[in-house]
Undergrad: 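Handing you this structure, nothing more for now.
Just so it is clear, the structure is predicted and the values come from calculations on it, not from any experiment.
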Amino acid sequence: MPLDAITFDLDDTLWHNGPVMAHAEPAHYQWLAERVDAHRGPAATPLAEAFPLEAYQSVRASLMQRFPLSRGDHSWIRERAMRELLIEHGLSPDEAAQWAAAGFEHFMTLRHEVALYPEVVPMFDAWARRYRLGIITNGNVDVRRLSLDHHFDVIILAGEMHASKPDPRPFLSAVAQLGTQPYRTLHVGDNWEEDVLAAQRLGMHAVWIDAKNEGERELPPRVHRVTHVRELPGIVAQLDDEARQ
């Protein structure tokens with residue numbers, strides 16, 4: 001039977017995410033440090049001096065160990081880390097919560113400064129008339145900020161459901177909400193373990209976006225390899241043609 005649904009990863013599938021995070025990570029912490037320092041006054045030790053970026057990253061790593069069920073909820077981890085760090089820096093719990101929320105919101109602003117591959121929007125415009133579309137991501141991108149949400153019937157933030165990919169639950173939830181079956185669904189992503197094998201094990205078709213050009217490898221049944229999302233329409237057409245034969 002032909003496909004009737006396609007699900008997508010986001011980061012490094014629909015855009016190149018490395019430069020986005022390389023900028024957002026230090027920039028949002030610098031933004032927070034400058035404003036907290038101004039709030040506390042010149043007599044106080046600067047935040048970045050007491051707790052450099054590496055210390056903030058260490059707190060995040062510690063939180064992932066302390067709260068393993070929430071380790072994939074990147075939004076919660078980031079904001080909680082900022083709050084704990086600011087309390088240790090001498091702010092009251094209320095002040096720390098307010099500044100952590102502001103710092104996280106600034107991070108999210110920078111996090112969404114992505115450059116979609118030019119093929120993405122026309123592809124979705126065409127497919128929305130033929131397939132039910134969904135998002136399954138371990139990240140915390142809000143597709144509403146990218147003006148993409150109108151293309152999708154289902155958006156799964158796997159970390160927030162405490163079931164980060166390759167856990168099967170976000171895939172099964174997406175398939176159920178899309179009203180189809182795994183064998184009639186294609187999942188597209190860049191991560192071999194989290195996207196490709198996780199979907200394939202459930203009986204879904206999968207396209208591996210080998211954006212890092214890791215090279216040819218033996219592909220299991222129902223798996224296709226491409227190096228860029230622009231090659232995806234050809235794979236989808238091939239799958240539909242094979243299903244009609």
Undergrad: For a 4.5 angstrom cut-off between non-hydrogen side-chain atoms, does Val143 reach Phe8?
TA: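 When only atoms from C-beta onward are counted, Phe8 and Val143 do not touch, as no gap falls below 4.5 Å.
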
Undergrad: Is the closest side-chain heavy-atom distance between Asp9 and Glu194 below 4.5 Å?
TA: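 Side chain of Asp9 against side chain of Glu194, heavy atoms only: no contact under 4.5 Å found.
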
Undergrad: If you count heavy atoms of other groups shown closer than 6.0 angstrom to CD of Glu88, is the number above 12?
TA: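 Incorrect, the count does not exceed 12.
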
Undergrad: When you measure from the side chain of Asn17 to the backbone N and O of Asp12, does any donor-acceptor pair fall under 3.5 Å?
TA: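 It does not hold such a pair.
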
Undergrad: Do Phe107 and His74 pass the ring-ring contact (aromatic ring centres under 6.0 Å, His included) test, and can you show the C-alpha distance, the side-chain angles, and the key distance before you say yes or no?
TA: CA-CA 12 Å; Phe107 168 79; His74 301 292; 9.6 Å; no

Undergrad: Do Lys165 and Asn191 come close enough that some side-chain heavy atom pair is under 4.5 Å?
TA: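 The answer is no, as the side chains (C-beta and beyond) never meet within the 4.5 Å cut-off.
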
Undergrad: What residue among Trp15, Tyr117, Trp208 forms ring-ring contact (aromatic ring centres under 6.0 Å, His included) with His228?
TA: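 Answer after filtering Trp15, Tyr117, Trp208: Tyr117.
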
Undergrad: State, with a plain yes or no, whether a side-chain heavy atom of Asp190 is found less than 4.5 Å away from one of Asp210.
TA: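 Not in contact.
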
Undergrad: Would Trp31 and Thr109 count as a side-chain contact (heavy atoms from CB on, under 4.5 Å) if you check the C-alpha gap in whole Å, the side-chain angles of each, and the deciding distance to 0.1 Å?
TA: CA-CA 12 Å; Trp31 182 95; Thr109 297; over 6 Å; no

Undergrad: Which pairs pass salt bridge (Lys or Arg N to Asp or Glu O under 4.0 Å) with one or both residues in residues 38-61, sequence neighbours excluded?
TA: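 Sorted result for residues 38-61: Glu25-Arg60.
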
Undergrad: Is any side-chain heavy atom of Glu231 less than 4.5 Å from a side-chain heavy atom of Thr227?
TA: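 When only atoms from C-beta onward are counted, Thr227 and Glu231 do touch, with a gap below 4.5 Å.
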
Undergrad: Would you call Arg80-Glu84 a salt bridge at under 4.0 Å N-O?
TA: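 Yes.
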
Undergrad: May I ask you to check whether Asp73 and His162 show a side-chain donor-acceptor distance below 3.5 Å?
TA: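 Per modelled atom types, Asp73 and His162 side chains form no pair under 3.5 Å.
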
Undergrad: When you measure from the side chain of Asn138 to the backbone N and O of Gly72, does any donor-acceptor pair fall under 3.5 Å?
TA: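 Absent.
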
Undergrad: Does atom CZ of Arg130 have more than 12 heavy-atom neighbours from other groups under 6.0 Å away?
TA: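 Atom CZ in Arg130 is packed in, count exceeds 12.
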
Undergrad: Please name the pair of heavy atoms, one in Ala24 and one in Arg111, separated by the smallest distance, quoted to 0.1 Å.
TA: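 Minimum heavy-atom contact is CB-N, 4.3 Å.
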
Undergrad: Are Arg201 and Pro168 side-chain neighbours, meaning at least one heavy-atom pair lies under 4.5 Å?
TA: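 They are not in contact (no side-chain heavy atoms under 4.5 Å apart), so the answer is no.
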
Undergrad: Please determine whether salt bridge (charged side-chain N to carboxylate O under 4.0 Å, His left out) holds for the pair Glu105 and Arg145, giving the CA-CA distance in whole Å, both sets of side-chain angles, and the decisive distance to 0.1 Å.
TA: CA-CA 12 Å; Glu105 179 54 36; Arg145 297 194 186 201; 3.1 Å; yes

Undergrad: State whether the side chain of Arg144 and the backbone N or O of Asp149 hold a donor-acceptor pair below 3.5 Å, judged by distance alone.
TA: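 No, Arg144 side chain to Asp149 backbone: no donor-acceptor pair under 3.5 Å.
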
Undergrad: Report yes if the side chains of Met204 and Thr7 come closer than 4.5 Å at any heavy-atom pair, otherwise no.
TA: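 Yes, close enough: below the 4.5 Å cut-off.
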
Undergrad: Do you know which two heavy atoms are closest between Pro233 and Trp127, and how far apart they sit?
TA: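 Residues Pro233 and Trp127, closest heavy atoms: CA-CZ2, 3.7 Å.
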
